[in-house]
Amino acid sequence: MEFAELIKTPRADNVMLHRPFHPAVEGTLCLTGHHLIFSSRRQDNAEELWLLHSNIDSIEKRFVGSLGTIIIKCKDLRIIQLDIPGMEECLNIASSIEALSTLDSVTLMYPFFYRPMFEVLEDGWSSFLLEQEFELLSSVTNEWRLSCVNKEFSVCPSYPPVVIVPKCVDDEALRKVALFRHGGRFPVLSYYHKKNGMAMMRSSQPLTGTNGRRCKEDEKLINATLRSGRRGFVIDTRPLNVAQQARAKGGGFEQEVHYPQWRRIHKYIERFNILQESFIKLVEACNDQSHNMDRWLSKLEASNWLTHIKELLTAACLAAQCIDREGASVLVHGSEGTDSTLQVTSLAQIILDPRCRTIRGFEALVVREWLQAGHPFQQRCAQSAYSNSKQKWEAPVFLLFLECVWQIHRQFPCSFEFNEQFLIMLFEHAYASQFGTFLGNNENERAKLKLPQKTMSLWSWVNRPEELSRFQNPLYEANSLVIWPSVAPQSLQLWEGVFLRWNRPSRFLEEAEEERINIIKYNKELQAKVNALRRQLAEMEADEETQEEP
Amino acid sequence: FHPVLLLQVENVKLLDRYANRKAATGTLYLTATHLIYVDASAEVRKETWILHHHISSVEKLPLTTAGYPLLIHCKNFHVAHFVIGQERDCHDVFTSLLKLSQPVKPEELYAFSYNPKMSKENREMGWKLIDLKLDYQRMGIPNDYWEITDINKDYEVCSTYPPEIVVPRAATKAVVMGSSRFRSRGRIPVLSYLYKENNAALCRCSQPLAGFSARCLEDEQMLQAIREANPGSPFMYVVDTRPKLNAMANRAAGKGYENEDNYENIRFKFIGIENIHVMRSSLQKLLEVCEMKSPSMSDFLTGLENSGWLRHIKAVMDAGVFLAKAVREERASVLVHCSDGWDRTAQVCSLAGLLLDPFYRTFKGFMVLIEKEWIAMGHKFSHRCGHLDGDPKEVSPVFTQFVECVWQLMQQFPCSFEFNERFLLEIHDHVYSCQFGNFLGTCHKEREELRIFEKTHSLWPFLLQRKQELRNPLYRGFTAYKELQPNTLPFSFQFWCGMYNRFDKGMHPKQCVLDQLLSCMSQKVTLEDNASELENKLPFLDGPVPSEGCSSPKAEAAAAKAPTPPQDFGQGAAPVLSNGPSLG
């Protein structure tokens, strides 16, 4: 397909661009296959806006006489307005944007066309391999092994080709366990707590059905993570009644009789459409410029967004507590094991593992626990909070995870190597990107699309020193401790950096951040200078001594 | 410590409100001024001090298996839940605290016995630290239009105003006296702040005794004099900060508001800030929400909404913004009042000053602002804070709301205040502590009668001594920002956990950016000293200087300012700080 067919009016002049807190700008609008480009014609202070079509969540058009107005709502939650003279031009542009922002073929997406302007220092597609992860693990324990049972994606289509499993369980057993777990998602290692050798596993629900089917290999697999005489915890992210109802559809949960060493805890986490609705309501509340405090607070409450945040953090703390405080191994799952399960396991690692609080470590976590673990990004992030179409697979699952990280970050501002901008950047790229990283729903799809060969990885770009410097937290001091966040409502805040970002000017907050960076940077320079002077003085004194001695 | 010990009780438990940690066990002491609890179960000696004056209520709760519970609520929002083994002990503590926390006579207040071992000269110097005359001079007063007059030296004009007030030159003594008879409690229109750039003035007073039809020529002349003191503007605003309904109800009692027909060229406007009773019950509801045991998010947000607290904060802020805007943008003078002109009027005038003038955002300036708009102008701290055993209906968190508005501004403009949150909390503590004389009594006349200037200490020098820990490391200096134009959309207001859940440490961020930056600031001084000392030891150094970026001490002095660079932003006129649209 040629994009040109979709673009009837590639260019319009005398277009007015309106954005909140910016003066309106007049300029020229151009449409390309993947971008909407606006550039002001002012010579003195030329302004350009490049918007990926895939970032456009919805568009509305209005006419007053022959002046058309297009309101574009983006997946990063920004709203812009374009006034386009000429009804035909406006209609053409609107329909082009509509078509180009809803391309149904992945291979037409921008990442397949994007050619980077930077030199690739490190190919992000191979920056985070599970083999490297396993090597680290092998240096502290030999109870685990890498299994290639899924190398053809035949045992579990949503798992990566290699997974880490208990050493004592062979591939044959894994195949049997896969048949006993929803979507073939057999229990695999998610995190190993070096401090006490406890493990966190994740999977999907067991297919016990109504007649209480069991699978000896499944029992053996998860029991292999237990120390003798110790119990483990199954954290089921569904409420008990939902887990019970799942049996009628062939699903189910681990029953005490067959898993006597495991204690099951149901910690309910909302899913899919409920989260999406909540997201839509919250964004609506944030964009409502009514001056009424009561209305704002009641809309914020009714969105339930912060409730989800609190529940999610509570569940993650619970998992972390089982491992660190109780010294027990943990298995986490919900139904499919691709959403709430990953939220819990990845957040628990943020709490437990200082490595996950570094930039590289966090990237590795996102790769391991989200991308390779088969969170269906393409489905979940197809639309954001402004979509009118009721598609049932969208859900801000990853955004909720990022916000929870932000909440913990806010409570431990010196424990993270990255800053808020880093999290916001990941949110943006999950929804629309020039990079191939978040395309596809799992490794299987990514392999079929040949993403590593045909597209650029987000990590190739982010990990370049000049980009990294934008994402560094000046206050960071490596902290090897477990960090327990408070989940009291008073301790949680709306993530303004995402939800109010376009609704309030950020100048004064940016200046504050600049100031913080300056203070710390200057101190570091001073310290370096003092150290250098000391060294020099010591050398001089040493020289003098040697001169005096003979 | 060797204070006089009144009572000592062993085996007292102190419960943690949130964490399910084991309760502390220790000893409770009562001294003449404090309740002191020493935790014996902790590895390091841990003490909890509660000033008797800070206690707002003491309750005996029903007996539990652990013993006799005693619940103490403090005015600085500290809540302490003790459990005492013996009923007798519990009762003794209870009755002692009731007595100690509610003194009857002013002489019993802490300030009259507080002895920081300071020389008489220094104590007197302390009281002279803040000179309001200097502040008026800063505004250019006296000038052609305004004068400082001692017409109230015998409190003949108004018993709750200070002896010296600022009125238009054009207002004769007869006008002043006449106007005072027409204003509730004689609180005539006086100047609060003069915006030098355009001569627009912010003035304050109490409600007129207008009833349904009464008028007063002198009062009308007074307003005319104020309007004409700003020749650039053809009109002036008269702002009644009460809800219209309340103001109308007052007419029946012979009070009320200005009739636009009787005053020349005024624009009259209501701004609906609720009265002290609504505010008191709103805070009560807010505190109940803050004290809930493991509330859900929904419980908390619904409770926050139902308390109405942030709605009131927004109303006060909106009013402040309106005044500042009228003065700055419309170049119009404004006369503000509420009923008596000592609560809402104090809030909005001080807030407007803070928005208009960067001086009030410095340590010294903020002290001046509080002395001027609150203390001198007769905000009844003693009644509003319940310093003495008195009418509970007079108690209201009017000053707390002002402090919170300042905090909300700090959230929006993190680099524009010289001081940090702790400075606000410190002041808030001492408004209730009665440890210093500043906030005692209800007005200047009463403070003279109490002889606080002879017998007590002023708070301000004590706070200035602690500048290092109370400063804002992000402050960009006096000239960096001029006016502040805050965003007053509802989402710009946050719940202030640091105030209302201040003593629930578990709720606060576990790592403190402020501490981190403050220690950077103090390290910086040491490092700079080290560097120059070392450089002096290397006098014959030739060859390249170490560490690029900061080369010689002289060149480095310029670099040193880079992190705290008022001069970088101070060139030319300071920009107006706008933070988005606000309610006009």
Side-chain angles (χ1 to χ4, degrees), chain A residues 21 285-286 289-298 300-301 304 306-307 309-310 410-415 475 483-486 488-494 496 500 503-505 507-509 511-512 515-516 518-523 525-537 540, chain B residues 18 290 295-302 304-305 308 310-311 314 412-415 473-474 476 487 489-495 497 501 504 506-511 513 516-517 520-521 523-524 527-528 530-531 534-535 537-538 541 546-547 549-550 559-560 562-564 577-580 583:
Chain A
F21 304 107
C286 293
Q289 307 268 315
S290 84
H291 295 284
N292 184 324
M293 180 63 77
D294 289 3
R295 187 150 129 206
W296 156 247
L297 287 174
S298 86
L300 178 63
E301 189 272 323
N304 270 326
L306 286 169
T307 301
I309 296 290
K310 179 166 156 48
R410 220 182 60 80
Q411 296 187 28
F412 294 89
C414 308
S415 295
L475 296 164
I483 54 175
W484 300 106
S486 158
Q490 289 97 317
S491 308
L492 304 177
Q493 272 186 11
L494 179 68
E496 298 180 28
L500 301 180
N503 301 341
R504 48 139 211 218
R507 186 188 132 199
F508 311 111
L509 303 179
E511 283 174 359
E515 216 50 49
R516 277 187 280 270
N518 283 346
I519 290 172
I520 288 164
K521 199 174 123 214
Y522 178 66
N523 258 35
E525 282 171 9
L526 260 184
Q527 183 71 62
K529 179 183 168 182
V530 168
N531 291 346
L533 283 170
R534 281 217 177 100
R535 236 184 355 260
Q536 218 166 350
L537 195 66
M540 264 178 56
Chain B
Y18 296 93
C290 294
S296 72
M297 199 73 214
S298 232
D299 292 340
F300 177 74
L301 288 174
T302 311
L304 184 62
E305 183 198 338
L310 285 177
R311 187 178 68 221
K314 177 172 151 51
Q412 287 196 41
F413 303 100
C415 308
L474 305 178
R476 285 195 161 184
N487 187 334
L489 288 173
F491 59 60
S492 317
F493 293 85
Q494 292 170 18
F495 166 73
C497 185
N501 284 109
D504 303 302
M507 286 183 186
H508 302 183
K510 307 296 184 301
Q511 293 168 330
V513 175
Q516 202 77 17
L517 294 177
C520 266
M521 304 294 271
Q523 264 171 32
K524 182 181 125 185
L527 284 172
E528 280 171 349
N530 281 347
L534 285 165
E535 274 168 335
K537 281 189 190 163
L538 290 167
L541 180 71
S547 172
C550 18
T564 50
L577 281 203
S578 166
N579 214 356
L583 191 62

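Small disclaimer: the values here were computed from a predicted structure and weren't measured.
When every heavy atom of A:Asn523 is checked against every heavy atom of B:Leu527, the shortest pair comes out as O-CD1, 3.8 Å. The minimum heavy-atom distance linking B:Cys415 with A:Ala512 is given by the pair SG-CA, 3.5 Å. Across every non-hydrogen atom of A:Pro505 and B:Asn487, the tightest pair is CD-ND2, 4.4 Å. Across every non-hydrogen atom of B:Pro414 and A:Phe508, the tightest pair is CD-O, 3.7 Å. For the pair A:Val530 and B:Leu534, the tightest heavy-atom approach, listed with the atom from each and the gap, is O-CD1, 3.7 Å. Across all non-hydrogen atoms, the minimal contact from B:Ala531 to A:Leu533 is O-CD1, 3.6 Å.
Contact annotation for A:Arg534: both backbone and side-chain heavy atoms come within less than 4.5 Å of a heavy atom of chain B. Proximity to chain B is absent for every atom of A:Asn531, based on heavy atoms less than 4.5 angstrom apart. With a 4.5 Å cut-off on non-hydrogen atoms, A:Leu500 touches chain B through its side chain but not through its backbone.
Between atom NZ of residue A:Lys310 and atom OG of residue B:Ser298 there is a gap of 11.0 Å, rounded to the nearest 0.5 Å. Residue A:Gln411 holds its CD atom at 10.5 Å from NE2 of B:His508, rounded to the nearest 0.5 Å. Of the inter-residue distances, the one linking A:Leu492 atom CG with B:Phe300 atom CZ reads 9.5 Å to the nearest 0.5 angstrom. Here the CG atom belonging to B:Leu304 is positioned 9.5 Å from the CD atom belonging to A:Gln490, to the nearest 0.5 angstrom. With rounding to the nearest 0.5 Å, the separation of CE in B:Met297 from CG in A:Asn304 is 10.5 Å. Of the inter-residue distances, the one linking B:Glu305 atom CD with A:Met293 atom CE reads 10.5 Å to the nearest 0.5 angstrom.
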Original post:
Can A:Ser415 and B:Gln511 be said to form a side-chain contact (heavy atoms from CB on, under 4.5 Å), step by step?
Top reply: CA-CA 8 Å; A:Ser415 295; B:Gln511 293 168 330; 2.8 Å; yes

Subject >> Steps toward side-chain contact (heavy atoms from CB on, under 4.5 Å) verdict (A:Ile519, B:Leu474) >> reply: CA-CA 8 Å; A:Ile519 290 172; B:Leu474 305 178; 4.2 Å; yes

**OP:** For the pair B:Lys510 and A:Ile483, evaluate side-chain contact (heavy atoms from CB on, under 4.5 Å) and give the outcome as yes or no after the intermediate values.
**Re:** CA-CA 9 Å; B:Lys510 307 296 184 301; A:Ile483 54 175; over 6 Å; no

Subject >> Verdict with supporting geometry, B:Ser296 and A:Thr307, side-chain contact (heavy atoms from CB on, under 4.5 Å) >> reply: CA-CA 7 Å; B:Ser296 72; A:Thr307 301; over 6 Å; no

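A salt bridge between B:Glu535 and A:Lys529 is present, with a side-chain N of the basic residue lying under 4.0 Å from a carboxylate O of the acidic one.
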